[in-house]
J.: 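Could you have a look at this structure, given as structure tokens, before my questions?
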Amino acid sequence: MRIASFNINGIKARLPAVTEWLNETRPDVAILQEIKTVDEGFPREPFEDMGYNVATHGQKSFNGVALLSKYPLEDVTRDLPGAEGAGREGADDTEARYIEATVVGDAAVRICGLYLPNGNPAPGPKYDYKLKWMARLEARARDLLASEQPFLMAGDFNVIPQAEDAARPEAWRDDALFLPQTRAAFRRLTNLGLTDALRARTGAPGLYTYWDFQRGAWQRDDGIRIDHLLLSPQCADLMTDCQIDKDIRAREKPSDHTPIWIELAA
DNA sequence: ATGGTCGCCGAGCGA
């Protein structure tokens, strides 16, 4: 089972690029971030015509996540648990950043698709929201770990885990993506026993998933690794490959991110 | 030091 994650930066602008990528790489499951539309605005038909089941959690203009799967999407849930006042008016998290579903191939895998808050500027309320969100994600990981079912958390974490994950780490020193508190919160996830799939496969530096549209970042390979696949122990046992589709970033009208994928014996 | 680029939509915000 091949599972890919891709921050597409707007489905309305990216539909041709996304369908081309899917046709070429044929992932069984695609985890999308920043669809930037309400559910009704998401073009389900092109994906359904390619054999994908579709589940979205959208909002107007910003954020939004989606799951595409050749297997049925079972027990779909939206929103990360733990928001204060969740489900009521005035709840403190109204942003569409999280979706979960179970897919069953040779084994059942719980898929958690996420678009973690950027958090800039830091310090400030946006950074506080990011750290709270990461604490809620840790709590969700603890609950899923207790169930001992294979699961993975995948998406745009907006976290540069270590200096080697940036071409110019000094440029990110005061950024919400790289501040010590951010990296510590990410480390709490891996310390729970979740495996950073790409790092488990290779220690090579210079592997990035995002290059800014500005300042010729792509041309200079001035990138950062912020899109991650974190695997539960039972899921990591099944991994046979993990790679970044770097060439997608070089195409016409690209997203500023590029896909990352894993192959599971499931 | 500043400005540089995208996508959302139709002004400015978020990244």
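Protein chains get the first letters and strands the later ones, always in sequence-line order, with residue 1 at the start of each.
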J.: Roughly how many Å apart are B/dG10 and B/dG14, using the P atom of each and rounding to a whole number?
T.: 15 Å
J.: Okay, side chain of A/Ser5, backbone of A/Ala154: is any donor-acceptor separation there less than 3.5 Å?
T.: no
J.: Distance between the P atoms of B/dT5 and B/dC9, in whole angstroms?
T.: 22 Å
J.: Using atom C1' of each nucleotide, how far apart are B/dG7 and B/dA11 to the nearest Å?
T.: 14 Å
J.: Taking ring pair (Phe, Tyr, Trp, His ring centres under 6.0 Å) as the test, write out the residues that go with A/Trp218, two or more places apart.
T.: A/Trp211
J.: Summarise protein proximity over nucleotides 7-15 of chain B in one line of letters, 5' to 3': B for base, S for sugar-phosphate only, - for none, counting protein heavy atoms closer than 4.0 Å.
T.: SSS----SB
J.: Does A/Tyr129 sit in a hydrophobic cluster with other residues, and if so which ones, taking ILVMFWY side chains as linked at heavy-atom separations under 4.5 Å, directly or through other members?
T.: A/Leu80, A/Tyr98, A/Leu114, A/Leu116, A/Trp133, A/Met134, A/Leu137, A/Leu144, A/Leu145, A/Phe151, A/Met153, A/Phe157, A/Val159, A/Phe186, A/Leu189, A/Leu192, A/Leu194, A/Leu230
J.: For the CD atom on A/Glu24, are there more than 12 heavy atoms of other groups (residues, nucleotides or ligands in this structure) within a distance under 6.0 Å?
T.: yes
J.: Is the closest basic N to carboxylate O distance between A/Glu20 and A/Lys253 below 4.0 Å?
T.: no
J.: Say we look at B/dA1 and B/dG12: how far apart would their P atoms be, to the nearest angstrom?
T.: 29 Å
J.: Is any NZ, NE, NH1 or NH2 atom of the basic residue among A/Arg225 and A/Asp196 found under 4.0 Å from an Asp or Glu carboxylate oxygen of the other?
T.: yes
